[in-house]
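Order of the sequence lines sets the chain letters (A, B, ...), proteins ahead of strands, with each chain counted from 1.
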Amino acid sequence: MDAVMARRILVTSALPYANGPIHLGHLVEYIQTDIWARFQRLRGNECYYVCADDAHGTPIMLKAREQGVEPEQLIERMAEHHRQDFADFLIGFDCYHSTHSAENQHYAELIYRRLEDGGYIERHTIEQLYDPSEGIFLPDRYIKGTCPRCGAAEQYGDSCEACSATYTPAELVGPVSVISGERPVTRQSEHYFFRLRDFEAMLRDWAHGGHLQPEVANKLDEWFEAGLRDWDISRDAPYFGFRIPGTEAKYFYVWLDAPIGYMASFRRLADERGLEFDAFWGAEAAGQSELYHFIGKDIAYFHTLFWPAMLHGAGFRTPDAVFCHGFMTVNGQKMSKSRGTFITARTYLEHLDAESLRYYIAAKLGPGVEDIDLSFDDFVQRVNADVVGKLVNIASRCAGFITKRFEGRLAPRLSAPELFREFTAQSERIAELYEGRDYARAVRELMDLADRANQYIDAEKPWELAKDPERAAAVQEICTVGLNLFRVLIVYIKPIMPQLAADAEAFLNIPDQEWGDAQAPLLDHPIHRFKPLKTRIDPQQVEAVVEASKETLGGDTQGEHPMPEQTGGRLAEDPIDPQIAIDDFAKLDLRVAEIRHAETVEGADKLLRLELDLGGETRQVFAGIRQAYAPEALIGRRVACLANLKPRKMRFGVSEGMVLATGSGGEALWLLSPDDGAEPGMRIR
RNA sequence: GGCUAUGUAGCUCAGUUGGUUAGAGCGUCGCACUCAUAAUGCGAAGGUCGGUGGUUCGAAUCCACCCAUAGCCA
């Protein structure tokens, strides 16, 4: 095995944004990367897989403010969820860190200083819209107004969804801040720019140096053609992020320090395991070790232009490759909350097995950037037919004979060596397919072999021979061949289904297999009693996931890049109710209330017990907001309360009213509050 | 609007440099089998390869235009 030197490889997946849960769309990438990393390790290479939460930016800051918590609390809570989701999907990170970390600050500042020393940083004063009541500059997506071209209302500050015109926020008619509803004013501010244009020659070389998929390289040519513009890397305070060294109130734009998170996470790992950081990131590391980034095609710009340019400009190595993948559609359409196809990792896991999704995604992933479709019917049929019906079935139909008739012992000789060799001969072919990220083809080849194994058993008919005591040895040999074929296939599928492989190894009573281990047959060897390694998916499980997704998912679903929530189409999903008369409204007695006390309720994981001051009267109200708000963050806050609601006895006490909130529940919940000045007890109308 | 992909049997997808009757898996139907988580094996039906026009002896494969879908336009 020493003939070939082990490669040293570092791989990354894009950093998920810390303002929302992991969903199936994210998982395509983590599963793709994890399979690749596991494959590399299985082959005996030194391979590290690192990632982190992307924790900075305006959306995080505002979301924390909404929830009445510090951003640090918000991202910590989200990181916990992310880690758990990834662990349960068997994503084997060597390190999962955060961009809000000392390591990341160190490298962000280091890179910035080196770029500045190199003359790659410029300052310009720009005009930007500012929300005077909130005291913050507004990103384009936080401004809404009427499209100057077609007159469509409620359009974002950068482009019109109705006529797809693009413009600056200043051109919007009647612009308002999404945060405060106030009219923004224009203010000047000095911003810092990264001189991307200085790197054009270097980037052109790099783009065509075999580091990119052809379709991505084409895209870059388009961008070169259009001309590279300098990149605005600063944001004004208040901003949740790292302050730019040497400034009072300028912060790094979230996208500046996000990819640096790859370095930060590896730094952390290197410190933990005594690895040499520069061996993977130093300029001299190129050619000595390999660096790969797996990303979605939507963020190619950041990873194929800014990122290599930053690394190069700061004296680090550039990536060996950036691998782009497409998006996931569900039943041929974009994921949709109303259809219940916007599925979080957690919801999926509550009803289905992680490896089923890993298998299905692998079975459809090629090396290109095409979208892949998760079709529910296809998913159920494919996983059941391939994994249970074909693959696991081989072991299932052989094991009984060995256990019952031969005391669990495999035959001492291999009676079908040519068939076995047919299987082992595919080893390098399948390895190449994994290496080239053509998992779909690898799976197809693998399942063709599984068909061959089933055909073999069918042709040999051990159940018939078993009737004749004199043919006992033949029965044992046939089943031994079958189980050896199974073992080869298990090794081949191990990167995709590591848990299945581990269970199969336990059944076969063999140690943790490496890629080459299946080349020699397992003979005269005791195995354990067979237990079902995978059970079939019931279509009702999928239905349950869809139902649960319809119920629990809020508007809080952004992906790996910071953008405010999409609001378009919400009315289409949840139409306005039938009209009522003013008298109907008058029946509601809504009051301003101040939260005097808030505490969790023992035995209820959704409820908080609130004591509300209604301006002379204290009420006890139970509100189902525990997942969205920490009790201590609520105390002193003024909220809207339905005061004349009939009191209701609950298991934990009497609830004397209701606090008003929006959102669909769980973490996706936002309390309504009056502006400053409103006093407890004031009527709301 | 510009650009880039994609559009092949009911479903999910292969189809190398244009070349004989267009393939696979799943599903469906029939038969066989009963060791196996009703799993497996054998066989059959099923497509004017998004549309139109062109290049060519010959096009799913090349060209033009159109339609549909998705993405990018920092």
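At the heavy-atom level, A:Leu533 lies under 4.0 Å from base atoms of the strands shown. Nucleic acid contact for A:Val369: none, since no nucleic acid atom lies under 4.0 Å from a heavy atom of the residue. Counting any heavy atom pair closer than 4.0 Å across all strands shown, A:Gln455 reaches sugar-phosphate atoms only and no base atom. No engagement by A:Pro462 is indicated, since no non-hydrogen atom pair under 4.0 Å with the nucleic acid exists. In this structure, A:Gly400 reaches neither bases nor backbone, as no heavy-atom distance under 4.0 Å exists between it and the strands shown. Here A:Gly227 lies in heavy-atom contact (under 4.0 Å) with a base. If you check every strand for non-hydrogen atoms under 4.0 Å, A:Phe379 touches nothing.
What separates CG of A:Asn393 from P of B:C35 is a distance of 13 Å, to the nearest Å. When rounded to the nearest whole Å, the span between CD of A:Glu460 and P of B:U34 equals 16 Å. Spacing between atom CG of A:Leu449 and atom P of B:A24 amounts to 18 Å, rounded to whole angstrom units. In this structure, A:Lys219 atom NZ and B:G2 atom P are separated by 14 Å, rounded to whole Å. The NZ-P distance, from A:Lys297 to B:G71, rounds to 8 Å in whole Å. Taking atom CG of residue A:Asp386 and atom P of nucleotide B:A39, one finds them 13 Å apart after rounding to whole Å. Protein atom CD1 of A:Ile478 is 15 Å distant from nucleotide atom C1' of B:A36, rounded to whole Å. Taking atom OH of A:Tyr456 as the reference point, atom C1' of B:C35 lies 13 Å away to the nearest angstrom.
Salt bridge present: A:Arg195 and A:Asp198 bring a charged side-chain N and a carboxylate O closer than 4.0 Å. Checked for salt-bridge contact, A:Arg441 and A:Glu432 miss the test: no charged N lies under 4.0 Å from a carboxylate O. Between A:Asp386 and A:Arg382, at least one side-chain nitrogen of the basic residue sits less than 4.0 Å from a carboxylate oxygen of the acidic one, meeting the salt-bridge criterion. Of the charged side-chain nitrogens involved, at least one lies within less than 4.0 Å of a carboxylate oxygen, so that A:Arg397 and A:Asp458 count as a salt-bridged pair.
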Secondary-structure string, 5' to 3', Watson-Crick or G-U under 3.5 Å, | for another-strand partners, for RNA chain B: (((((((..((((.....[...)))).(((((.......))))).....(((((..]....)))))))))))).

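Rounded to whole Å, the P atom of B:U61 lies 12 Å from the corresponding atom of B:G7. Spacing of C1' atoms, B:C35 relative to B:U69, comes out at 48 Å, to the nearest Å. Atom name C1', nucleotides B:U48 and B:G1: the rounded distance is 35 Å, in whole Å. Between the C1' atoms of B:G50 and B:G41, the separation comes to 38 Å (whole Å). Between the P atoms of B:G23 and B:G30, the separation comes to 25 Å (whole Å). When the P atom is compared between B:C49 and B:U21, the two are found 14 Å apart, to the nearest whole Å. Comparing the P positions of B:G46 and B:A24 gives a spacing of 14 Å, expressed to the nearest Å. Only the C1' atoms considered, B:G47 is 30 Å distant from B:A39, to the nearest whole Å.
Aromatic ring centres of A:Phe199 and A:Tyr120: separated by under 6.0 Å. A:Phe379 has its ring centre less than 6.0 Å from the ring centre of A:Tyr360. A centroid separation of 6.0 Å or more is found between the aromatic rings of A:His191 and A:Phe137. Checked against the 6.0 Å centroid criterion, the rings of A:Phe342 and A:His23 qualify as a close aromatic pair.
In this structure, A:Arg235 forms a cation-pi arrangement with A:Tyr253, its terminal cationic atom sitting closer than 6.0 Å to the ring centre and no more than 45° off the ring axis. Seen from the ring of A:Phe327, A:Lys297 counts as a face-on cation partner, given the 6.0 Å and 45° thresholds.
Side chains of A:Gln455 and A:Asp451: a donor-acceptor N/O pair is absent below 3.5 angstrom, by distance only.
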Nucleotides 7-15 of chain B: protein proximity per nucleotide (B base, S sugar-phosphate only, - neither; heavy atom, under 4.0 Å): ----SSSSS

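Each of A:Glu222 and A:Ala385 was assigned the nucleotide of RNA chain B with the nearest heavy atom; the assignment lying further toward the 5' end belongs to A:Glu222. The residue among A:Phe306 and A:Ser396 whose nearest nucleotide of RNA chain B lies closer to the 5′ end is A:Ser396.
Distances from the side chain of A:Lys390 to the nucleotides B:C35, B:C26, B:U37 place B:C26 closest.
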